There are 2 protein chains.
Amino acid sequence: MLTIEMTTNSTNTGRPDPTPVFISEASGLRMATFRLARRLRAQRAVDSMSDGQFAVLAALAIHGEHTLGRLAERERVTAPSMNRTVSLLEDAGYLTRTPHEDDRRKVTIALTDAGRAVVDETVRRRDAWLEEALEGLSPIERETLAAAAEIMRKVAER
Amino acid sequence: MLTIEMTTNSTNTGRPDPTPVFISEASGLRMATFRLARRLRAQRAVDSMSDGQFAVLAALAIHGEHTLGRLAERERVTAPSMNRTVSLLEDAGYLTRTPHEDDRRKVTIALTDAGRAVVDETVRRRDAWLEEALEGLSPIERETLAAAAEIMRKVAER
DNA sequence: TATTGTTATACTCTATAACTATA
DNA sequence: TATAGTTATAGAGTATAACAATA
């Protein structure tokens with residue numbers, strides 16, 4: 001895989017840019033992705049819940065119960081940080097911490113019904129907001145977005 | 001022909017879904033947008049800088065100098081929060097705080113060359129990462145993403 | 001001895017309330 | 001009196017270091 005040197009910014013030294021069209025594509029997609037993500041993130045079930053807290057609940061909803069260490073690893077924070085977040089969510093009644101069956105050093109962290117409800121309601125609001133927006137588009141535009149979503153997932157996973 | 005991968009809600013209660021295709025489109029786009037945004041956000045010039053700090057520098061780079069209040073308003077945080085972030089960025093040499101010309105209660109906050117360099121380098125890295133990913137795609141896939149970016153911006157602005 | 005989780009401590013980022021300076 | 005910014009204080013979220021329990 002070859003590396004491309006990009007010079008799109010305002011500190012351009014004057015050297016001509018070899019691939020102007022591709023650069024424009026990347027910048028446009030980057031900005032559009034950030035703006036749409038920001039709008040979607042604003043749609044929440046519990047307004048006082050931070051993104052980090054919600055991400056933990058969402059991970060448990062999608063991937064099932066975790067040990068503390070695996071949860072910290074998945075969210076890319078340290079174990080003490082995750083321990084603190086988990087404690088707050090436990091106090092709020094959104095998840096439970098139970099001793100692991102086999103290895104008693106570990107704990108099993110799982111969603112409660114209340115925690116699952118928060119995830120479901122947040123997902124519902126975000127999708128409802130987006131759905132309403134999609135309804136204002138043409139069929140071709142919607143097909144373009146659906147196809148783009150597949151490609152974006154592929155790109156994000158590389 | 002593109003197949004949309006269904007990612008139904010695992011807590012579906014059995015209630016019939018009135019618009020399964022549209023919801024699938026929305027869910028797919030929502031998840032793809034969040035994942036790509038997360039990957040892009042990880043590409044930074046200064047690794048220790050928080051998203052909030054970088055957002056301030058980016059706002060100054062895009063929209064020019066601000067008073068403290070306008071900057072807080074734009075980033076949707078309180079004036080004391082923004083004041084603290086601005087103080088840290090000022091200490092780090094990324095922006096300057098100067099008295100306002102007309103109204104001496106106000107301060108004018110502007111990027112330094114170092115601050116602009118951080119913004120430029122971060123943008124460069126994100127676009128370079130994305131550009132490399134785009135190179136692995138077909139021309140049609142790239143066209144789809146370029147068209148989708150336009151639509152996503154339109155959707156985000158509604 | 002190594003691993004898993006937790007506690008101790010510290011710094012950033014957020015907020016609300018109170019204060020200073022200026023209009 | 002109202003506005004712009006700042007300071008005081010507190011809670012959330014992050015980290016590293018040290019500790020306890022278990023394998």
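All figures in this text were calculated on a predicted structure; none of them were measured in a lab. Order of the sequence lines sets the chain letters (A, B, ...), proteins ahead of strands, with each chain counted from 1.
Each of A:T67 and B:S48 was matched to the nucleotide of DNA chain C holding its nearest heavy atom; the match closer to the 5' end belongs to A:T67.
For B:Q53, no side-chain nitrogen or oxygen approaches OP1 or OP2 of C:dT12 to under 4.0 Å. The side chain of B:S50 places an N or O atom within less than 4.0 Å of a non-bridging phosphate oxygen (OP1 or OP2) of C:dC13. Within the 4.0 Å cut-off from OP1 or OP2 of C:dT6, at least one side-chain nitrogen or oxygen of A:N83 is found. The side chain of A:S81 places no N or O atom within less than 4.0 Å of a non-bridging phosphate oxygen (OP1 or OP2) of D:dG13.
The local environment of CZ in A:R76 is sparse, with at most 12 non-hydrogen atoms from other residues, nucleotides or ligands closer than 6.0 Å. The environment of CZ in B:R70 is sparse: at most 12 heavy-atom neighbours from other residues, nucleotides or ligands sit within 6.0 Å.
Counting non-hydrogen atoms under 4.0 angstrom, B:S87 reaches nothing in the nucleic acid. Residue contacts shown for A:G69 are limited to sugar-phosphate atoms, with no base heavy atom under 4.0 Å away. Within the nucleic acid shown, B:R97 comes within 4.0 Å of sugar-phosphate atoms alone, with no base atom in reach, counting heavy atoms only.
Rounded to an integer number of Å, the gap from A:E75 CD to D:dA15 P is 12 Å. The distance from atom CG of B:D47 to atom P of D:dT14 is 15 Å, rounded to the nearest whole Å. What separates CE of A:M49 from C1' of D:dG11 is a distance of 16 Å, to the nearest Å. Here C:dT6 presents its P atom at 13 Å from NE2 of A:H100, a figure rounded to the nearest Å. B:K106 has its NZ atom 18 Å from the P atom of D:dA2, to the nearest Å. For the pair A:M82 CE and C:dT7 P, the computed distance is 16 Å after rounding to whole Å. Atom CZ in A:R84 sits roughly 15 Å away from atom P in D:dT16 (whole-Å rounding). Remark: P of C:dT7 and CG of A:L88 are 13 Å apart, rounded to the nearest angstrom.
Between D:dA12, D:dT6, D:dT14, one nucleotide has an atom nearer to the side chain of A:V77 than all others, and that is D:dT14.
The pair A:K154-A:E150 does not meet the salt-bridge criterion, since no charged nitrogen lies less than 4.0 angstrom from a carboxylate oxygen. Ionic pairing of A:R35 and B:E157 is present here: one or more N-O contacts between side-chain nitrogen and carboxylate oxygen are shorter than 4.0 angstrom. Taking 4.0 Å as the cut-off between side-chain N and carboxylate O, B:D51 and B:R44 count as a salt-bridged pair.
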Below 3.5 Å between N/O atoms, which protein atoms pair up with nucleotides 21-23 of chain C? Just atom names and distances, please.
unit_1	atom_1	unit_2	atom_2	d
C:dA23	OP1	B:R104	N	3.3

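B:S27 and A:R126 share no donor-acceptor pair across their side chains, judged by distance under 3.5 Å alone.
From B:R30, atom CZ reaches atom CG of A:L130 across 8.5 Å, with rounding to the nearest 0.5 Å.
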